[in-house]
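Please read the structure below before turning to the comments.
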Amino acid sequence: MDFKGFDQPGGPGSGGTRSVKVMIAGGFGTGKTTMVRSVSDIKPLTTEETLTQASAADDHLIGVADKTETTVSLDFGKISLNESLMLYLFGTPGQERFWFLWNGLFKGALGAIVLVDTRRLASSFRAIEEMERQNVPFVVALNVFPDSKDYPVEEIRDALDIPANIPVVACDARDRASSRDVLVALIRHLKDRSAVALESR
Ligand SMILES: Nc1nc2c(ncn2[C@@H]2O[C@H](COP(=O)(O)OP(=O)(O)OP(=O)(O)O)[C@@H](O)[C@H]2O)c(=O)[nH]1
Ligand SMILES: [Mg+2]
């Protein structure tokens with residue numbers, strides 16, 4: 001796919017390659033670390049710790065009862081979408097007690113994926129609020145689990161209270177091609193937004 005017209009201020013590029021910082025955000029246990037792991041070209045850096053009983057009680061494990069680890073700081077990976085676009089991926093922690101880290105983590109990010117588990121929609125409300133508060137453009141990715149219900153996208157959009165111009169796509173965070181498609185949807189969204197901004201000048 002051609003991203004050559006993609007013209008946003010990113011991080012320092014080298015040899016014509018643009019480097020862009022992208023956040024993988026979302027509620028507790030929505031599959032952020034799984035997505036960074038599945039899509040990264042390099043072995044990702046992860047900062048997972050064993051979930052304690054205390055934190056499990058806090059974090060509503062419905063649907064992710066077999067989850068044993070949680071991100072305490074961040075996940076880091078990278079993927080080259082084509083010869084001219086390198087994405088640096090930063091996965092956020094999902095547990096509320098680590099959210100104080102979010103301000104620093106988002107610095108310089110061009111866009112974000114907000115992962116949503118439709119069985120526990122509310123767990124991603126706060127992530128969406130943060131994107132809006134920090135003015136980070138985002139797409140919503142519904143990470144489909146075997147027992148996820150198939151809701152119409154409009155219903156999801158209403159429940160999450162997001163405007164019609166924000167793409168909502170389904171994915172399987174475990175699958176590299178599927179996760180890559182979400183990143184492509186985000187880059188398209190960023191491109192569309194910059195085209196709209198240029199038109200309105
Ligand atoms: N069936 C299924 N399981 C998944 C999928 N994505 C993640 N999982 C599982 O769901 C659990 C949560 O995944 P993580 O990637 O740790 O979620 P996270 O968002 O990084 O979690 P925190 O860092 O604790 O917020 C893990 O046990 C995964 O194996 C999926 O698409 N389908
Ligand atoms: Mg994680």
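Whatever order the structure lists ligands and atoms in, that order sets their numbers, starting from 1. Worth saying up front: this structure is predicted, and the values here are computed from it rather than measured.
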Identity and distance of the protein heavy atom lying nearest [atom]:
atom                    : value
atom 30 (C) of ligand 1 : Arg174 NE, 3.4 Å
atom 11 (C) of ligand 1 : Val64 CG1, 4.2 Å
atom 23 (O) of ligand 1 : Thr71 OG1, 2.9 Å
atom 12 (C) of ligand 1 : Gly29 O, 3.7 Å
atom 19 (O) of ligand 1 : Lys32 NZ, 2.7 Å

Original post:
Does any non-hydrogen side-chain atom of His189 lie less than 4.5 Å from one of Phe138?
Top reply: no

**OP:** Please examine the side chains of Arg188 and Pro167, heavy atoms only from C-beta on, and report whether any two atoms are closer than 4.5 Å.
**Re:**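 No, too far: nothing below the 4.5 Å cut-off.
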
Original post:
Would a search of protein heavy atoms around atom 4 (C) of ligand 1 find one under 4.0 Å away?
Top reply: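 At least one protein heavy atom is under 4.0 Å away.
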
**OP:** Determine, counting only non-hydrogen atoms of the protein, whether one lies under 4.0 angstrom from atom 14 (P) of ligand 1.
**Re:**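 Within 4.0 Å of atom 14 (P) of ligand 1, protein heavy atoms are found.
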
**OP:** Determine, for Lys32 against Asp75, whether the closest basic-nitrogen to carboxylate-oxygen distance falls under 4.0 angstrom.
**Re:** no

**OP:** Could you tell me whether Asp41 and Arg176 have a side-chain N and a carboxylate O separated by less than 4.0 Å?
**Re:**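 Answer for the salt bridge query: yes.
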
May I ask you to list the atoms of ligand 1 that are less than 4.0 angstrom from any heavy atom of [X]?
X      : answer
Phe28  : 24 (O), 25 (O)
Val144 : 31 (O), 32 (N)
Pro146 : 1 (N)
Asn143 : 5 (C), 6 (N), 30 (C), 31 (O)
Ala173 : 31 (O)

**OP:** Determine whether the side chain, the backbone, both or neither of Thr70 has a heavy atom under 4.0 Å from any heavy atom of ligand 1.
**Re:**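 Both of them.
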
Original post:
Is it the side chain, the backbone, both or neither of Thr68 that has a heavy atom closer than 4.0 Å to ligand 1?
Top reply: neither

**OP:** Would you mind finding which of Glu69, Lys67, Glu49, Glu96 brings a heavy atom closest to atom 27 (O) of ligand 1?
**Re:** Lys67

**OP:** Output all residues satisfying ring pair (Phe, Tyr, Trp, His ring centres under 6.0 Å) with Phe90, sequence neighbours left out; order by chain, then residue number.
**Re:**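 Checked Phe90 against ring pair (Phe, Tyr, Trp, His ring centres under 6.0 Å); matches are Phe76.
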
**OP:** Let me see the working for Thr46 and Thr33 under side chain to side chain donor-acceptor pair (under 3.5 Å), right down to the final yes or no.
**Re:** CA-CA 8 Å; Thr46 58; Thr33 301; over 6 Å; no

Considering distance alone, does some N or O of [X] sit under 3.5 Å from an N or O of ligand 1?
X      : value
Phe145 : no
Thr33  : yes
Gly31  : yes
Thr34  : yes

Subject >> Chi angles and distances behind the side-chain contact (heavy atoms from CB on, under 4.5 Å) call for Leu186, Leu87 >> reply: CA-CA 11 Å; Leu186 173 64; Leu87 304 185; over 6 Å; no

Original post:
Could you go step by step and tell me if Arg120 and Phe28 meet the side-chain contact (heavy atoms from CB on, under 4.5 Å) rule?
Top reply: CA-CA 9 Å; Arg120 300 177 300 118; Phe28 171 69; 4.2 Å; yes

Subject >> Stepwise side-chain contact (heavy atoms from CB on, under 4.5 Å) check, Thr71 with Phe98 >> reply: CA-CA 9 Å; Thr71 302; Phe98 301 122; over 6 Å; no

**OP:** May I ask you to decide if Ala173's main-chain N or O and Ser178's side chain share a donor-acceptor pair within less than 3.5 Å?
**Re:**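 Such a contact is absent between Ser178 side chain and Ala173 backbone.
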
**OP:** Check whether any side-chain N or O of Arg180 sits under 3.5 Å from a backbone N or O of Ile79 as a donor-acceptor pair, and report yes or no.
**Re:**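 Checking the backbone N and O of Ile79 against the side chain of Arg180, no donor-acceptor pair under 3.5 Å is found.
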
**OP:** Not counting sequence neighbours, list each pair that qualifies as a side chain to side chain donor-acceptor pair (under 3.5 Å) and has a residue in residues 151-160.
**Re:**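 Sorted result for residues 151-160: Glu154-Arg157.
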
Original post:
Quick check: are there more than 12 heavy atoms from other residues, nucleotides or ligands sitting under 6.0 Å from CG of Asp150?
Top reply: no

Original post:
Counting heavy atoms not belonging to Asp161, are there more than 12 under 6.0 Å from its CG?
Top reply: no

**OP:** For the Mg ion (ligand 2), state how many protein N, O or S atoms fall inside a distance shorter than 2.8 Å.
**Re:** 2

Subject >> Selection residues 165-174 - residue pairs positive for salt bridge (Lys or Arg N to Asp or Glu O under 4.0 Å), sequence neighbours left out >> reply: Asp172-Arg174

